[in-house]
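Just below is one structure, and these are the notes that go with it.
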Amino acid sequence: MNLETVIGLEIHIQLQTKTKMFCSCSNNSDSQEANSLICPICLGHPGALPLLNEKAVEYGIRLASALNLKINNKSVFVRKNYFYPDLPQGYQISQFEKPLSEDGFYVLNNGKEKIRIGIERLHLENDAAKNTHTANNSLIDFNRAGTPLAEIVTRPDFREGSQARLFVQKLRQICRYLKVSDADMEKGQLRCDVNISLRPVGETNLYPKTEVKNLNSFKSIERAIKYEIKKQTRLWQDNNPPQEQTTQGWNDSLQITELQRSKEIANDYRYFQEPDLPVLIISDKKIDEIKKHLPELADQKIERFKKEYGLSHIDALTLTNYKKTSEYCEKVVSEFKEWLISEVESTRETENEIWESNKKRAVKLISGWIISELFKLINENNSKIEETKITPENMAEFIKTIYLAKVNSSNAQKILKIMFETGEDPSQIIEENDLSQISNESDIEKMVENIIKNNPEQVEQYKNGKKNLIKYFVGMLMKESKAKANPKIGEKLFKKKLK
Ligand code: ZN
Ligand code: MN
């Protein structure tokens, strides 16, 4: 039987507002003492009244807009009732029938194809406290209780684990670009549940799904889906497909899913409207205002980088992966452009024509040095691009020396390393370390003649057909010139003289 995989995601994202969802306690519990950021509201004391955090609503609208969701002018908070030690009220304040936003989509581009993923809804709710289970104790830290959450529910539009994984990665990137959350899975700032079922190809109805929880990394999302596909395929082949909905937990050390509960004992949350909060009214004016101030997102940047700079898809993808990198790169480009326009004397060309005729080579050089060399230095030093001592101005100047062939590429690497370590500007480094390239032909010619004179054996072999000795000669030249001679001119001269 030909089976098709049907996957939908439910994702919770902690919104990194200054204060919690319904009280004024700090929402930043990083390295804070347990149970130090609490008050009667987030502890759920009877009679304590919640007050909605407007910033959390704004963050929710930003995220919803990026996912093309329709923002509801009226939405309603409800009580979702259940008992658990991390939930002192006995209910979570959430949204159910009238959520903040509904009916959106995201176009997932995996480099090969574009897949339209429907987004059913994004609603707001508060987080529970954090449980820590040790051998002898169960500990509860209420610092997390009341953290604003955005819950995103997708439609079952994923067909492969890799698509689901990519979507969650893109979602993290969107959160970071929007500055609504770092969405770090390891820290629990982004938590993902996967719903998965199979069906015979051609059918459109849905069969009972398995919900997999406790997925705390991108890798585990993909692995859990792979595992479930295998398991459920076997059940279908044995003519025994899943009869009821189940909840499974992902066991990361065993790399398997484990049954937590089945449908019969599923929760009945007894939703009802939260009497302590008014209906949430959001005007069109406010929605427009928030949408107007949304930053350019990575997907848009990728398209612009390709169009404006002529970059390849993969280079554009790499440079926009992290927002700060794309900003750095753009600053370097604009510095370089300014220089190019002011330095290149031309009576025939307009500024724009000068830039257009040089830009492809320039941007390729800039992106190449950032991606391969600057990233390498940053990674080796466990650093970040926003921490680098190389200012965009100095990086542009560095690219300029290469563009004008003032240094060769092996010395350029040395220069960049010194720039990275000291923050000095490249021309100073070139001067101090005597690294400028010799491109004067007559200077190189003298060295070439010397090398030919001193290596009669190799010259003989070269002339007898061992043409790859050209590398040996150029190597000698680089040694002689302390790596300063322009190797291309050197090679040209050797070939000419040894003919
Ligand atoms: Zn509080
Ligand atoms: Mn939820």
Side-chain angles (χ1 to χ4, degrees), residues 8-29 32-56 59-60 63-64 67 69 75-84 86-102 119-131 140-154 168 171 181 183 185 188-195 211-216 247 260-261 266-272 274 276-277:
L9 302 177
E10 281 175 40
I11 298 156
H12 287 85
I13 293 165
Q14 288 185 337
L15 301 172
Q16 276 154 335
T17 49
K18 283 200 183 73
T19 56
K20 293 186 182 179
M21 185 73 156
F22 298 116
C23 62
S24 54
C25 290
S26 167
N27 185 32
N28 185 1
S29 55
Q32 296 287 324
E33 197 194 332
N35 296 308
S36 63
L37 310 172
I38 50 174
C39 75
I41 297 172
C42 52
L43 284 180
H45 287 194
L49 290 173
L51 193 72
L52 180 60
N53 182 343
E54 268 188 57
K55 263 286 170 228
Y59 283 14
L63 195 46
L67 298 171
L69 284 143
S75 67
V76 173
F77 285 99
V78 297
R79 290 187 180 180
K80 179 178 178 179
N81 298 282
Y82 65 96
F83 171 77
Y84 205 70
D86 63 12
L87 193 73
Q89 291 101 323
Y91 59 84
Q92 179 188 33
I93 302 179
S94 181
Q95 297 187 303
F96 191 52
E97 275 169 356
K98 287 201 161 68
L100 178 75
S101 60
E102 293 170 275
I119 313 287
E120 195 176 301
R121 57 195 273 136
L122 177 151
H123 70 249
L124 298 172
E125 57 189 32
N126 60 354
D127 208 347
K130 193 174 164 63
N131 290 296
I140 305 179
D141 178 4
F142 284 92
N143 284 351
R144 200 180 77 176
T147 293
L149 293 176
E151 179 175 336
I152 296 163
V153 182
T154 77
V168 179
L171 192 58
S181 178
M185 286 192 87
Q189 294 162 343
L190 187 158
R191 311 197 282 269
C192 179
D193 299 338
V194 173
N195 292 313
E211 185 177 5
V212 186
K213 291 181 175 287
N214 306 339
L215 298 162
N216 54 14
T247 302
Q260 287 182 339
R261 60 174 185 257
N267 285 310
D268 175 3
Y269 294 118
R270 312 242 160 206
Y271 288 100
F272 67 88
E274 165 61 63
D276 292 336
L277 286 167

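When a ligand or atom number is given, it counts from 1 through the structure's own listing order.
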Met21 and its side-chain contact (heavy atoms from CB on, under 4.5 Å) partner, picked from Leu15, Thr147, Leu124: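 Result: among Leu15, Thr147, Leu124, Leu124 is the only option passing the side-chain contact (heavy atoms from CB on, under 4.5 Å) with Met21.
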Which atom pair, heavy atoms only, marks the closest approach of Leu87 to Ala128?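 What the structure gives for the nearest pair is CD1-CB, 4.4 Å.
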Could you grab the angle centred on the Zn ion (ligand 1), going from SG in Cys39 to SG in Cys25, to 10°?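 Answer comes to 100°, rounded to 10°.
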Tyr82 vs Tyr269 aromatic rings, parallel, tilted or perpendicular, using cut-offs 30° and 60°?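 It falls in the perpendicular class, over 60°.
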The Mn ion (ligand 2) - name of the N/O/S atom of Glu151 that sits closest to it: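 Glu151's closest N, O or S atom to the Mn ion (ligand 2) is named OE1.
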With carbon and hydrogen excluded and only N/O/S kept, which atom of Glu125 is nearest the Mn ion (ligand 2)?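 The Glu125 atom nearest to the Mn ion (ligand 2), restricting to N, O or S, is OE2.
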Regarding His12, does it place an N, O or S atom less than 2.8 Å from the Mn ion (ligand 2)?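 Yes - counting backbone and side chain alike, His12 has an N, O or S atom under 2.8 Å.
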Decide whether Gln95 and Ser75 meet the rule of one side-chain donor and one side-chain acceptor closer than 3.5 Å.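 Looking only at side-chain atoms, Ser75 and Gln95 do form a donor-acceptor pair, the distance falling under 3.5 Å.
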